[in-house]
2 protein chains.
Amino acid sequence: MPTPPKTSSSKIIAAARDLIGEPGLDELTMQAVAHRVGVRGPSLYKHFADRAALLREVETAVVADLEAVMIQVPPSLDDLSALRAIAAAYRTFAREHPATYSLIFGLHSGDAAAEQARRRALQPALQRLESYLGNREAAFIRARVLTSFLHGFVSMETAGAFRLGGDIEQAFQAGLALLLCDTARK
Amino acid sequence: MPTPPKTSSSKIIAAARDLIGEPGLDELTMQAVAHRVGVRGPSLYKHFADRAALLREVETAVVADLEAVMIQVPPSLDDLSALRAIAAAYRTFAREHPATYSLIFGLHSGDAAAEQARRRALQPALQRLESYLGNREAAFIRARVLTSFLHGFVSMETAGAFRLGGDIEQAFQAGLALLLCDTARK
DNA sequence: GTCTATAGCTAGATAGAC
DNA sequence: GTCTATCTAGCTATAGAC
């Protein structure tokens, strides 16, 4: 006679869902990196203690790159135009390097250098917001809201999550318009 | 004499960044799932063809769960209150099941069932938005904007990306207030 | 700093008995 | 439908020669 069932598809699915942990970066293997730079895997360990150490440095470098594109905004622009330009630069960066971008908020390694890079990258936008809103605290809150929108939008966009048609560019501009409306000014 | 250098730390970092592909779900191994349901690994293959097939079903189930919590909003609520409640339910779901939540926009498997589940989950919020804004097209755009904000906010929140202090709840409410202001009504 | 060789591990998936 | 046994494959990391 056949062995009695111990489980079921739905039980397996439920267990799988309980099990999901942090997503990794499977493709980034030491050997693949080594091949890219023309050496063998073990040679990398003369440069970095282990894979985690390499990842920490990558994280910091990526954030610095994002800062570099956001900082390109001409100082001559008015605040609102500058904020729009920063947002556009952010989105462009994410679209051009989607997997790389995902490290910025995806690794959360707690690395001090990466954390400092993140803080530094935020600074220009924060200053513009403060000038625009005329209120330091409001600018800080708005920065969080704007960053959330930008991160969510580009994450969905690069993941191909906008699948219902329509003008995606229009949605981006509409979101910016709502979040950059100057309602906090007294 | 020592072997001449073929590479450098910065080259390695650059190569690593070029290499980053899609993040995986390392912890979700077939053996771990099997152990959870009290069987051995190979038994799972009688239920699902392979790991990818299991993941597709998990994805659909997760979206259905998110829909279930968003649908709990009482019909008696006015549109604005209902939209706030839906947003709160979304955020609560992500906070309670962060890793599970990350599958919703993270897997993009192109699975038809998952796609249909996503569409279905969006429907109630979309209807409320249409009633609130009095414009079908504006509601569709606003839904994209709101979803982007929600997804970005909860992704950052669960990743621990809000590291600069301050009231995170206040930022969430501020974002909702800006995105739910009724500026599109004629 | 590079290499070869290898240890040690873990994963996905299959074969065949029951 | 479950099991044991096994295959294949890939990864991190180390040892030691050059």
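Chain letters run A, B, ... following the sequence lines, proteins first, then strands; residues in each count from 1.
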A/Ser43 side-chain N/O to C/dG1 phosphate OP1/OP2 under 4.0 Å: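 Checking C/dG1 against A/Ser43, no side-chain N or O comes under 4.0 Å of OP1 or OP2.
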
Are there any protein N/O atoms within less than 3.5 Å of an N/O atom in nucleotides 9-16 of chain D, and if so, which ones and at what distance?
{"residue": "D/dC11", "atom": "OP2", "partner": "A/Gln31", "partner atom": "OE1", "Å": "3.0"}
{"residue": "D/dT12", "atom": "OP1", "partner": "A/Met30", "partner atom": "N", "Å": "3.3"}
{"residue": "D/dT12", "atom": "OP1", "partner": "A/Arg51", "partner atom": "NE", "Å": "3.2"}
{"residue": "D/dT12", "atom": "OP2", "partner": "A/Met30", "partner atom": "N", "Å": "2.9"}
{"residue": "D/dA13", "atom": "OP2", "partner": "A/Tyr45", "partner atom": "OH", "Å": "3.0"}
{"residue": "D/dA13", "atom": "OP2", "partner": "A/Arg51", "partner atom": "N", "Å": "3.0"}

A/Glu115: side chain to side chain contact (heavy atoms under 4.5 Å, CB included) partners, not counting sequence neighbours: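 Partners of A/Glu115 under the side chain to side chain contact (heavy atoms under 4.5 Å, CB included) test: A/Arg118, A/Arg119, B/Arg163.
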
Sequence neighbours excluded, which residues qualify as ring pair (Phe, Tyr, Trp, His ring centres under 6.0 Å) partners of [X]?
X        : answer
A/Phe105 : A/His151
B/Phe48  : none
A/Phe140 : none

Integer-rounded Å distance: C/dG1 C1' and A/Phe48 CZ: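 Whole-Å distance recorded here is 14 Å.
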
Protein-nucleotide distance (A/Arg40, atom CZ; D/dC18, atom P), rounded to Å: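 My rounded result for the distance is 18 Å.
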
Pairs involving residues 70-83 of chain B, ordered by first then second residue, that meet side chain to side chain donor-acceptor pair (under 3.5 Å) (sequence neighbours left out):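 Listed once each, the pairs are B/Asp78-B/Ser81, B/Asp79-B/Arg128, B/Asp79-B/Ser131.
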
